[in-house]
Amino acid sequence: MTEPLLEVKGLQAWYGESHVLHGVDLTVHKGETVTLLGRNGAGKTTTLKSIIGVIRKRQGQISLKGTNILPLPLHHVAKRGLGYVPEERGIFASLDVHENLMLPPKVAEGGFSLDEIYTLFPNLAERRRSQGTKLSGGEQQMLAIARILRTGADVLLLDEPTEGLAPVIVQRIGDVIRALKEKGMTILLVEQNFRFARRVADRFYVMEDGHMIDSFRADELAGRMDSLHETLGL
Ligand code: ATP
């Protein structure tokens, strides 16, 4: 197999004195969609935040495209093509869709053009003059992903993109992720919605109490269902 695009080894992280990640290992190869599973509080969000560098109190190795990004400031990490869509989405509520899409700086090569964004997200095209506050949860999520694509990121960290969304919208987000995958995007996803995760993921990791306790490919899922039922309470 080729070198992983993103490789995390022995990652530890703290909130103040509280030690939350205890040596997390994971790899994501180019073009893969990898999903982190685990119960509430297992450390999934903390893992994404530690990779992107929002959480600074970390130890271990995080290599992106062969560079150790752990000591780098956030904007240098973004320049290397790593984009993060937080659970709370982070769009500008007082701006309309179009303005939200015009604001993100192009930090890496190959950001999506507005035409490409509106082709991928036709409902954002329809809503281009709607203010952020007027958007549905699904539209906000799509806008949050679209904003990251504008920057030129080609490795996406997505935190629970389907949270709180109606099934038909979850389906749409799944279509978007598959379309991004066809374009060669590399995606690391945190997801509680197991049905959605199994539709999009090539590989899975399972976290518990700040440790990685299992990893397997999508074609090994059937054999894991019993242990997943137990670990995740499915
Ligand atoms: P969830 O789906 O609930 O977000 P998660 O697997 O993403 O779960 P994390 O949010 O990474 O879990 O939380 C891991 C641990 O860190 C939990 O014990 C949580 O209480 C703790 N934690 C999370 N955020 C903070 C914070 N800002 N300060 C202190 N502890 C935190």
Side-chain angles (χ1 to χ4, degrees), residues 6-28 32-62 64 69-70 73-74 77 82-91 137-138 140-142 144-145 148 153 155-167 169-170 173-174 177 186-216 218 221 224-225 227-234:
L6 176 67
E7 184 166 32
V8 174
K9 275 191 194 162
L11 180 64
Q12 304 193 54
W14 291 258
Y15 293 103
E17 294 303 305
S18 174
H19 192 177
V20 171
L21 297 186
H22 304 275
V24 167
D25 295 340
L26 67 88
T27 56
V28 188
E32 268 193 318
T33 299
V34 171
T35 298
L36 269 183
L37 300 168
R39 285 186 189 245
N40 284 344
K44 306 178 298 295
T45 297
T46 305
T47 300
L48 295 193
K49 286 184 173 169
S50 301
I51 292 173
I52 192 80
V54 184
I55 294 173
R56 300 305 296 181
K57 197 166 176 190
R58 304 163 292 166
Q59 268 179 24
Q61 287 175 38
I62 305 173
L64 177 68
I69 59 168
L70 195 105
L74 274 177
V77 174
L82 192 62
Y84 169 54
V85 181
E87 204 171 348
E88 59 277 11
R89 294 168 188 152
I91 60 167
Q140 288 181 18
Q141 182 61 55
M142 289 185 202
I145 296 173
I148 293 301
V155 184
L156 308 181
L157 307 181
L158 306 180
D159 198 349
E160 297 208 34
T162 69
E163 201 196 7
L165 304 182
I169 312 296
V170 171
I173 304 268
I177 287 180
T186 304
I187 301 170
L188 176 62
L189 179 83
V190 163
E191 196 49 70
Q192 299 268 2
N193 182 337
F194 185 66
R195 280 184 60 191
F196 169 82
R198 67 187 296 176
R199 215 186 125 215
V200 297
D202 301 306
R203 280 196 303 122
F204 296 88
Y205 285 96
V206 185
M207 287 194 79
E208 195 170 73
D209 295 333
H211 299 270
M212 220 43 115
I213 59 164
D214 198 8
S215 80
F216 53 91
L221 186 61
R224 290 303 210 285
M225 285 313 289
S227 70
L228 282 177
H229 274 290
E230 202 167 303
T231 315
L232 306 176
L234 289 173

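Each ligand, and each atom within it, is numbered from 1 in the order the structure gives.
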(message) Please enumerate all residues that pass side-chain contact (heavy atoms from CB on, under 4.5 Å) together with P167, with sequence neighbours excluded.
(response)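 P167 satisfies side-chain contact (heavy atoms from CB on, under 4.5 Å) with no residue once adjacent residues are dropped.
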
(request) Could you tell me how the ring of F204 sits relative to the ring of F194: parallel (under 30°), tilted (30 to 60°) or perpendicular (over 60°)? (result)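 The rings of F204 and F194 sit tilted, inter-plane angle from 30° to 60°.
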
(message) With a sphere of 6.0 Å drawn around NZ of K9, does it hold more than 12 non-hydrogen atoms of other residues, nucleotides or ligands?
(response)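 Result for NZ/K9: open.
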
(request) Can you sort out the partners of R224 under side-chain hydrogen bond (donor to acceptor under 3.5 Å, both in side chains), two or more places apart, ordered by chain and number? (result)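 For R224, the residues satisfying side-chain hydrogen bond (donor to acceptor under 3.5 Å, both in side chains) (neighbours in sequence not counted) are D214.
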
(request) Kindly write out the residues that satisfy side-chain hydrogen bond (donor to acceptor under 3.5 Å, both in side chains) with D202, not counting sequence neighbours, or none if the list is empty. (result)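 Partners of D202 by the side-chain hydrogen bond (donor to acceptor under 3.5 Å, both in side chains) criterion, ordered by chain and then number, come out as K181.
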
(request) At a heavy-atom distance under 4.0 Å, which protein residues reach ligand 1? Sort them by chain and number, would you? (result)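 Near ligand 1, by chain and number: Y15, V20, R39, N40, G41, A42, G43, K44, T45, T46, E160, Q192.
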
(request) Determine whether L21 and R58 make a side-chain contact, defined as any pair of heavy atoms from C-beta on separated by less than 4.5 Å. (result)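 Side-chain contact under 4.5 Å: no.
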
